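A short write-up of the structure that comes next.
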Number of protein chains: 2
Amino acid sequence: MALGKDYATQECSIARALEVVGERWTLLVVRDALYGVRRYNDFLVHLGIPRAVLSARLRTLTEEGILEKRRYQEAPPRDEYVVTDRGAALWPVLRALGQWGRDHVDASRLRIFRHADCGGTVESYGMCDACGTLVPVSDVVMVPGPELDSAPADPVSRALLRPKRLLEPLETDPGQHVD
Amino acid sequence: MALGKDYATQECSIARALEVVGERWTLLVVRDALYGVRRYNDFLVHLGIPRAVLSARLRTLTEEGILEKRRYQEAPPRDEYVVTDRGAALWPVLRALGQWGRDHVDASRLRIFRHADCGGTVESYGMCDACGTLVPVSDVVMVPGPELDSAPADPVSRALLRPKRLLEPLETDPGQHVD
DNA sequence: CACCGTAGGTTCGTTCATTGAACCAATTGC
DNA sequence: GCAATTGGTTCAATGAACGAACCTACGGTG
């Protein structure tokens with residue numbers, strides 16, 4: 001099957017990477033997973049992705065070892081999807097894409113990433129502009145930027161308005177749902 | 001049109017970027033353009049991409065200001081596609097993807113990127129491991145790694161076997177074509 | 001016990017994108 | 001006059017994405 005994921009003729013690690021994470025929606029699922037989203041329904045409402053596509057992406061990301069599916073309660077059976085180290089290693093890719101998007105598509109500052117240890121800003125390549133170190137994902141705190149919608153419709157976006165350390169599970173607020 | 005390129009609900013510069021360069025083949029076309037490929041036929045044989053898709057990608061990349069189409073001879077009319085600054089700014093994205101591909105998909109060293117000024121290796125985020133500076137794309141020299149096929153079928157891959165400064169036009173060798 | 005709500009999916013018909021093969025056009029070299 | 005080169009377009013077939021509907025398993029409420 002020449003269509004879809006494989007770039008047969010390419011002898012290149014960029015092509016290898018894109019075969020795994022280059023499909024539509026895949027990198028946005030990984031982004032949400034790094035932001036702490038873990039549950040099927042949270043991905044669903046936050047991404048606005050068709051259910052069938054989300055199921056397919058979660059399955060292949062799990063097979064590829066980027067997410068790990070694990071049961072967090074037995075009755076009723078409920079699973080969550082957690083990023084692995086391999087998934088967390090995609091952070092520089094997402095950082096680079098976000099930087100390019102901000103610089104060359106849309107200048108607004110939607111989210112700001114801070115180094116938890118020193119308070120500096122994590123810029124282009126995942127480096128802290130204050131202390132100059134390469135900040136691991138787990139030491140990054142995401143805070144809303146000035147131009148982020150302050151009253152979004154879905155509960156996941158609302159939960160992401162609070163300062164949030166990456167990788168830690170997101171706690172949605174089921175209390176204030178909208179009709 | 002909800003299908004295809006837009007991620008309507010996403011308020012995120014990663015999604016903005018993916019709307020522009022997230023389609024199938026697009027980032028590989030940009031990669032080739034950074035490697036110095038400029039002509040329709042060179043993209044075609046090197047990527048193994050369907051002609052209709054290549055035409056579509058070259059058109060949208062030109063419209064987005066990532067490539068610039070320009071006439072290099074009048075009779076017969078011939079155009080080439082050259083990366084703009086906006087396109088060159090995607091270098092960190094490609095570097096990050098390539099790094100992840102090498103680290104987490106396929107461990108082989110296919111290409112090595114060297115800093116022209118100091119001879120160091122350009123690693124993960126486009127930084128030189130010897131002098132520590134962020135190397136601009138135009139100062140990067142690509143050399144074949146030990147595991148790259150040393151006798152590829154298409155002339156573009158053969159031309160890319162020679163050490164090659166990025167962004168500079170690729171000179172294919174029309175002499176030794178294969179049947 | 002009937003019924004609703006929630007979480008996590010699958011199924012299915014329609015629409016859109018990708019593919020590969022064929023065709024087209026302008027010009028140079030023989 | 002004829003083939004080759006370069007840079008495309010067109011078209012039928014196939015695959016992927018979309019959105020709506022449906023399904024399962026449980027818990028809570030009246």
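Chain naming here is simple, since letters A, B, ... match the order of the sequence lines and numbering starts at 1 in each. Since the structure is predicted, the reported quantities are computational estimates derived from the model, not experimental observations.
- The CG atom of B:L47 lies 11.5 Å from the CZ atom of B:R57; values are rounded to the nearest 0.5 Å.
- Here the P atom of nucleotide C:dT11 and the CG atom of A:L54 are 16 Å apart, to the nearest Å.
- Put simply, CG on B:D42 is 13 Å from P on D:dG8, counting in whole angstrom units.
- Dashed line: the shortest gap from a side-chain N or O of B:Y81 to OP1 or OP2 of D:dG8 is under 4.0 Å.
- A donor-acceptor distance shorter than 3.5 angstrom exists from the side chain of A:T84 to the backbone of A:G65, with no hydrogens or angles considered.
- Heavy atoms of A:V53 sit under 4.0 angstrom from primed sugar atoms or phosphate atoms, though from no base atom.
- Put simply, B:R39 has no side-chain N or O that comes within less than 4.0 Å of OP1 or OP2 on D:dT5.
- A donor atom on one side chain and an acceptor atom on the other are not found under 3.5 Å apart for A:Y81 and A:R70.
- For the pair A:L58 CG and C:dT10 C1', the interatomic distance rounds to 14 Å; values are reported in whole Å.
- Side chain of A:E123 to main chain of A:G126: no donor-acceptor pair is present (N/O by atom type, distance under 3.5 Å, no hydrogens or angles).
- As rounded to whole Å, 9 Å separates atom C1' of D:dC18 from atom CZ of A:R24.
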With B for base contact, S for sugar-phosphate-only contact and - for none (protein heavy atoms under 4.0 Å), nucleotides 22-30 of chain D reads ----SS---
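- The separation between A:R70 atom CZ and C:dG8 atom P is 14 Å, rounded to whole Å.
- Under the 3.5 Å distance criterion, the side-chain polar atoms of A:R102 are left unmatched by any main-chain donor or acceptor of B:I14.
- Among the heavy atoms of the strands lying under 4.0 Å from B:A52 is at least one base atom, whether or not backbone atoms are also near.
- A:I49 has its CD1 atom 16 Å from the C1' atom of D:dA20, to the nearest Å.
- With C:dT19, D:dT9, D:dC18 as the choices, the nucleotide that has an atom nearest any side-chain atom of B:W25 turns out to be C:dT19.
- For A:E19, the side chain to side chain donor-acceptor pair (under 3.5 Å) partners two or more places apart in sequence, or in a different chain, are A:R16.
- The side chain of B:Y40 has D:dG8 as its nearest neighbour among D:dT6, D:dG8, C:dC12.
- Across the protein-nucleic acid pair, B:D79 atom CG and C:dT27 atom C1' stand 14 Å apart, rounded to whole Å.
- The phosphate of D:dT9 has OP1 or OP2 within less than 4.0 Å of a side-chain N or O from B:S55.
- B:R71 comes within contact range of no nucleotide atom at all, as no heavy-atom separation falls under 4.0 Å.
- Residue A:Y72 is in sugar-phosphate contact alone, with no base atom involved, counting any heavy-atom pair closer than 4.0 Å across all strands shown.
- Atom CG in A:N41 sits about 15 Å away from atom P in C:dG5, given to the nearest Å.
- The main-chain N or O of B:L110 is never found under 3.5 Å from a side-chain atom of B:E147 such that the two would form a donor-acceptor pair.
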